Every structure is written in C-alpha cells, then in structure tokens.
Amino acid sequence: MHSETSPDADRDAAARAAREVIELLEVLWNKGRDTTSPAPVSTSQLRVLYILERDQPMNLRALGEVLGSAPPSVSRMCDRLDALGFVERSPSSASRRELELRLTSRGGSYLKDLRARRETALLDVISAMPPAERTALAAGLSSFRLAVGATSTQGGEGGSGTTSSSESA
C-alpha cells in the first residue's frame with residue numbers, strides 16, 4: 001500500500017489543522033480579553049486599537065478604508081472606544097475639518113495587558129509540548145506568517161489590523 005499523500009491532501013490537512021488551532025486560539029484569546037478589563041472591547045474595536053497603535057494619528061476616513069467600513073460605523077466604534085478612554089480625538093494639524101484619532105495611554109495599557117495574558121495562556125500550552133515539537137511549531141508559524149504576507153501583497157487585505165510576532169502573543 002502506498003502511504004504518500006498528494007500535495008492537495010497535504011494542503012487540505014494543513015488547512016484543517018490551522019482552522020482547528022485558530023478555533024482553540026479564539027477560546028484562549030477570549031478568556032484573556034474577558035479578564036483584562038471591566039469593559040472588554042469587541043473584536044472590531046480591538047482591531048481599531050491595533051491599527052491605531054501601528055499607524056497613528058489617523059483620521060476617520062483613512063481608518064474606514066483600512067477597516068473596509070462605512071464612515072458612520074467607524075465613527076460609532078470610535079465613540080465607544082473614546083467613552084472607554086482607549087482612543088482620543090483631536091483637531092487635525094493638516095485640516096481644521098478633520099479629526100485625528102490616537103490611542104491613549106489607557107488604550108495602550110489595555111493592549112499590553114491583553115498581550116501579556118494571551119502570552120501567559122500560550123506559554124502554559126507550549127510548555128507542555130516536547131522541545132522538538134516547539135521548534136517545529138516556531139518554524140511552521142514563521143513559514144505561515146511569511147505565506148500570509150506573500151498572499152496579502154497579491155491583492156488580499158494586506159494584514160491590516162494584525163501585528164508582528166514581536167508585538168502580539
């Protein structure tokens with residue numbers, strides 16, 4: 001009996017495994033997020049915080065373009081983040097008609113604490129893995145990250161709202 005698998009079968013198995021890991025990570029992420037703040041933010045709001053952390057100041061129009069969202073929904077999302085003290089709006093230095101959005105120190109602290117909690121959850125799991133499998137995981141994730149970058153430059157979303165491995169956990 002021939003035990004080799006086809007490239008398509010390998011690709012499909014890798015996609016299923018990645019989906020399962022992503023689902024597990026979502027559970028870990030939500031546990032960390034729910035305990036980080038008395039007012040946890042939605043996934044969309046969290047994406048705004050990541051974007052502003054990376055590219056600030058930013059006006060509502062530019063943020064809407066990155067998010068692929070309409071200005072009214074972006075404005076409402078920023079209203080909520082402003083009410084939490086995570087985002088501040090100030091007059092633009094380029095145009096009196098525009099407002100600039102910035103991540104506040106409270107918003108930055110929220111992200112820092114969230115990342116620390118997520119990293120702790122990941123370290124608990126990764127610590128249970130044998131060293132050789134940890135090495136293989138790191139290599140596989142590095143290749144995966146490079147492939148995401150390559151596909152996003154071919155007309156995909158471009159990774160907006162994501163962070164580098166050194167920024168997130």
Side-chain angles (χ1 to χ4, degrees), residues 2-37 39-58 62-69 74 77-78 81 84 86-87 101-169:
H2 199 65
S3 64
E4 289 184 34
T5 59
S6 72
D8 286 345
D10 288 344
R11 184 199 64 208
D12 294 348
R16 276 191 304 280
R19 178 191 45 81
E20 291 170 0
V21 168
I22 289 167
E23 290 170 356
L24 290 170
L25 286 173
E26 286 175 337
V27 171
L28 285 174
W29 271 195
N30 286 326
K31 284 181 185 177
R33 188 173 53 189
D34 292 344
T35 60
T36 300
S37 166
V41 297
S42 70
T43 301
S44 297
Q45 291 167 337
L46 185 59
R47 187 168 175 220
V48 168
L49 295 178
Y50 287 141
I51 291 167
L52 289 178
E53 180 184 48
R54 186 188 66 226
D55 298 320
Q56 63 180 344
M58 182 177 279
L63 181 58
E65 288 173 6
V66 172
L67 293 171
S69 299
V74 174
M77 205 175 340
C78 290
L81 291 169
L84 290 170
F86 291 170
V87 169
L101 301 167
R102 287 185 175 78
L103 188 67
T104 63
S105 60
R106 182 174 180 187
S109 294
Y110 175 83
L111 290 178
K112 183 179 178 183
D113 189 42
L114 176 63
R115 286 183 176 122
R117 290 178 185 276
R118 287 177 169 179
E119 187 169 332
T120 297
L122 284 173
L123 287 172
D124 288 346
V125 173
I126 292 170
S127 294
M129 296 173 66
E133 290 181 12
R134 285 185 224 157
T135 301
L137 175 65
L141 290 174
S142 178
S143 293
F144 183 81
R145 189 173 59 243
L146 290 172
V148 168
T151 58
S152 67
T153 59
Q154 297 170 2
E157 185 177 310
S160 23
T162 60
T163 55
S164 72
S165 62
S166 63
E167 292 174 339
S168 63

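Only heavy atoms go into these numbers, but all of them, side chains included; no hydrogens, no water, no symmetry mates. Predicted model only: the values in this text are computed from it and were never measured.
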Determine yes or no for a side-chain-to-main-chain donor-acceptor pair under 3.5 angstrom, with S142 supplying the side chain and A138 the backbone.
no
Looking only at heavy atoms, what is the nearest atom pair of M58 and A62, with distance?
CG-CB, 3.8 Å
At what distance, to the nearest 0.5 angstrom, does OG of S109 lie from CG of D113?
8.5 Å
Can you measure from CG (L49) to CG (L101) and round to the nearest 0.5 angstrom?
11.0 Å
When rounded to the nearest 0.5 angstrom, what distance separates CG in L137 from CD1 in I126?
5.5 Å
If only atom types and distance count, is the side chain of Q45 paired as donor or acceptor with the main-chain N or O of S42 below 3.5 Å?
yes
Any side-chain heavy atom of M77 within less than 4.5 Å of one from L63?
no
Mind checking the CG-CD spacing from D124 to E119? Nearest 0.5 Å is all I need.
11.0 Å
Please tell me if the side chains of L103 and L81 come closer than 4.5 Å, counting only heavy atoms from C-beta onward.
no
Output the distance between atom OG1 (T104) and atom CD (Q56), rounded to the nearest 0.5 Å.
9.0 Å
Lys/Arg-Asp/Glu bridge criterion (N-O < 4.0 Å) met for E23, R19:
yes
Any donor-acceptor N/O pair, R134 side chain to M129 backbone, under 3.5 Å
yes
Kindly indicate whether the side chain of L141, heavy atoms from C-beta on, has any atom under 4.5 Å from the side chain of R145.
no
Name of the residue among R117, R118, K112 meeting side chain to side chain contact (heavy atoms under 4.5 Å, CB included) with L114:
R118
Looking at CD of E53 and CG of L111, how far apart are the two atoms once the value is rounded to the nearest 0.5 Å?
5.0 Å
Within the structure provided, determine whether Y110 and L46 are in side-chain contact (heavy-atom separation under 4.5 Å).
yes
